[in-house]
Amino acid sequence: MSSSADAAAAAPARKFEWLVVVPDTPGALEKRKEIRSQHLGGLKPAVESGLLKMGGAILEEVPSEDDPTNLKMCGSTLIIVAASKDDILEALNKDIYAQTGVWDVAKI
């Protein structure tokens, strides 16, 4: 015998779009550039699952040229679809930027 309360309890948690701002740890620019291709490559599962809608680097200044290796990045912004802040933190802590100290995860 199933009730509407049982059905509600079994339903997955509602998910929302979150604007997430993640500053870099001071002095992490060279490390960020070194592992950037690994970071970008690791995003595919998050995009395919619907977790990550979009994201990009925060820049310290307007670029003077088109060469991405000369960008002065100081953090990231992301649109993440999740049920809670804890779900977001769990996902972001799996990223190579978090694992290597590029992102200052305490300030997310």
Side-chain angles (χ1 to χ4, degrees):
M1 188 182 231
S2 176
S3 71
S4 60
D6 291 338
R14 260 181 86 195
K15 293 184 178 181
F16 303 91
E17 289 185 355
W18 300 70
L19 172 60
V20 182
V21 179
V22 189
D24 284 356
T25 302
L29 180 58
E30 290 310 312
K31 183 66 173 177
R32 176 188 259 272
K33 288 180 180 181
E34 177 186 320
I35 62 173
R36 186 169 187 251
S37 63
Q38 291 172 272
H39 162 73
L40 295 173
L43 296 175
K44 187 174 181 178
V47 172
E48 289 176 349
S49 72
L51 174 77
L52 178 62
K53 298 284 259 180
M54 64 179 290
I58 299 170
L59 303 178
E60 286 187 23
E61 58 189 43
V62 175
S64 59
E65 56 187 82
D66 291 335
D67 183 356
T69 61
N70 290 329
L71 296 176
K72 293 186 176 149
M73 298 169 273
C74 61
S76 301
T77 58
L78 308 105
I79 303 291
I80 295 183
V81 178
S84 69
K85 182 178 177 180
D86 287 340
D87 290 349
I88 294 167
L89 294 173
E90 180 180 337
L92 293 182
N93 278 311
K94 293 176 184 174
D95 189 281
I96 192 166
Y97 280 173
Q99 294 173 350
T100 59
V102 170
W103 281 341
D104 189 345
V105 294
K107 294 183 178 177
I108 291 175

Within the distance-only criterion (no hydrogens, no angle test), does the side chain of [X] pair as donor or acceptor with the backbone N or O of [Y] below 3.5 angstrom?
X     : Y      : value
Glu17 : Ile80  : no
Thr25 : Gly101 : yes
Lys33 : Thr69  : yes
Trp18 : Val81  : no

Sub-4.5 Å side-chain heavy-atom contact between [X] and [Y]:
X     : Y      : value
Met73 : Ile58  : no
Lys72 : Leu59  : no
Leu89 : Val105 : no
Val20 : Ile88  : yes
Leu78 : Leu52  : yes
Asp95 : Asn93  : no

For the hydrophobic clusters of this structure (ILVMFWY residues joined by side-chain heavy atoms under 4.5 Å, transitively), does one cluster hold both [X] and [Y]?
X     : Y     : answer
Leu19 : Leu92 : no
Ile96 : Leu43 : yes
Leu40 : Leu51 : yes

Q | Atom CG of Asn70 with >12 non-hydrogen neighbours under 6.0 angstrom | A | yes
Q) Yes or no on side chain to side chain contact (heavy atoms under 4.5 Å, CB included) for Val22 and Asp104, after CA distance, side-chain angles and deciding distance? A) CA-CA 7 Å; Val22 189; Asp104 189 345; over 6 Å; no
Q) Stepwise, does the side chain to side chain contact (heavy atoms under 4.5 Å, CB included) test hold for Leu29 with Asp24? A) CA-CA 8 Å; Leu29 180 58; Asp24 284 356; 5.7 Å; no
Q) Regarding Ser84 and Asp86, is there a side-chain donor-to-acceptor distance under 3.5 Å anywhere? A) no
Q) Side-chain donor-acceptor pair under 3.5 Å between Arg32 and Ser76, yes or no? A) yes
**Q.** Aromatic plane relationship, His39 with Tyr97 - under 30° parallel, 30 to 60° tilted, over 60° perpendicular
**A.** parallel
Q | Straight-line distance of Met54 CE to Thr77 OG1, nearest 0.5 Å | A | 7.0 Å
Q. Do you know which two heavy atoms are closest between Lys94 and Glu90, and how far apart they sit?
A. CG-O, 3.5 Å
